[in-house]
Protein chains: 2
Amino acid sequence: MKIGELAALTGVSVRSLRYYERQGLIQPFRQDNGYREYSPLAVNTVETIKLYLNLGLSTEEIAGFLHCVLKNKEAFCAEVMPLYRSKLEEIERQLTELNQIKRNLQDRMASILQEQQNEEE
Amino acid sequence: MKIGELAALTGVSVRSLRYYERQGLIQPFRQDNGYREYSPLAVNTVETIKLYLNLGLSTEEIAGFLHCVLKNKEAFCAEVMPLYRSKLEEIERQLTELNQIKRNLQDRMASILQEQQNEEE
DNA sequence: CTTGACCCTGACACCAGTGTCAGGGTTTAT
DNA sequence: ATAAACCCTGACACTGGTGTCAGGGTCAAG
C-alpha cells in the first residue's frame, strides 16, 4: 500500500511516517516511480511504534529494539527491561518535581487567599 | 553594578540576564560606554524572577505581573491568582498523564517478569 | 489532454531558555 | 603600552516530533 493509505489506516500523518522511516523505524520498498510501498504488516509496525511513543520512549530508543519485539514477545527482548527501568526512573523524577511545584503553587495560593481575607475584615 | 557582578550575586548567567532584559523583565540603565548598570535592587528582582521560573511560569507570563509584585505583596496583584490557577490545572494534567504512563510501564514490566518466570519453570 | 489527487525531497517553524562563538569595544592593572 | 578581564550585539545550536510550504513528479478518471 502507499503512504496515504497507511496514514489513513493508522491515524498517523504522512509526515510522521516519513519521519519514522528516517529514524530507522520502518523501511518500505520503493516502486520504480519512487513511491513508498508498504506491506500490510506495516500497519502493525506503526501501531507498535505508536504504543511505545505513548510510553514516552523516543524514536531513537524504539529503534533499538523494535525489530526484536516485532518478531518475538516483549519478554524475549533483552533491550526492553533496562529501557523501561530508566524511563520509569525518569518519570519518577518528573513526578517528584511536578509535585513540588504543585505544592509550592498551592501554598502560595493559600497565602494569597489568607491575606485577602484578612484585608476584608 | 555591572552585569557580571549581578550574575555572580544571583547565580544567573550573563546570557540569561540579557535574555530577561529582552523579555522585558528588567531594565538596567546604560552607561555612556553602553555597559548595563544595575541598581542594587536588581538582585531582588532577579531572585524574584528565579522564583517564578521555578514555579513553571514563562518569562512572558512573569512579565505580566512582575512590576506589580515588586512593589506590592503578591495578594495585591490581581494578575497572579488566575495565572496560578491555570498553571495548577496544567500541572494536574501533566501529573495525570505521567501517572498513566507510569502505570502502563509498570504493568508491562510486571508482564515481562511474569513471562520470564514462566519460562524458567 | 487536462484536472485533481497523490507522491517525492528539502527546508523552515515551533517551544523557551541557555550555551557558545564571532567580531569588536572598554577598562584596569601591571 | 600591553595584556587580561570585562562588556557589547547578533546569530546559530539544541530538544523532538509534527505542521506546513515550495517546487516538482505521477497517475487515474473524465
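- Rounded to whole angstrom, the span from the CD atom of Glu37(B) across to the C1' atom of dC8(D) amounts to 15 Å.
- For Glu79(A), there are no salt bridge (Lys or Arg N to Asp or Glu O under 4.0 Å) partners, not counting sequence neighbours.
- Phosphate contact (OP1/OP2 of dC8(C), side-chain N/O of Arg36(A), threshold under 4.0 Å): present.
- Computed from coordinates, the Asp32(A) CG to dT26(D) C1' distance equals 13 Å when rounded to whole Å.
- Across all their heavy atoms, Leu25(B) and Thr45(B) have their closest contact at O-CG2, 4.1 Å.
- Between Arg30(A) and Tyr35(A), the side chains place no donor N or O within less than 3.5 Å of an acceptor N or O (distance only, hydrogens not considered).
- The closest donor-acceptor contact from the side chain of Thr48(A) to the backbone of Asn44(A) lies under 3.5 Å.
- Using modelled atom types, one finds a donor on one side chain and an acceptor on the other under 3.5 Å when comparing Glu74(B) with Tyr84(B).
- Using a 4.0 Å cutoff on non-hydrogen atoms, no part of residues 51-69 of chain A comes near DNA chain C.
- Here the rule is side-chain contact (heavy atoms from CB on, under 4.5 Å) with Leu98(A), and of Glu90(B), Glu92(B), Gln94(B) only Gln94(B) fits it.
- Ring to ring, Tyr38(A) and Phe29(A) are not that close: their centroids are 6.0 angstrom or more apart.
- Atom pair Tyr35(B):OH and dG24(C):C1' shows a separation of 11 Å (rounding to whole Å applied).
- Within residues 1-26 of chain A, the residues having any heavy atom under 4.0 Å from DNA chain C are, by residue number, Lys2(A), Ile3(A), Gly4(A), Arg15(A), Arg18(A), Arg22(A).
- As a whole-Å value, the separation of Lys87(B) NZ from dA16(C) C1' is 12 Å.
- Per the geometry, CG belonging to Asn33(A) stands 14 Å off P belonging to dG25(D), to the nearest Å.
- The line from CD of Gln117(A) to CD1 of Ile112(A) is 13.0 Å long, rounded to the nearest 0.5 Å.
- In this structure, CD of Glu90(A) is placed 13 Å from C1' of dT15(D), rounded to the nearest angstrom.
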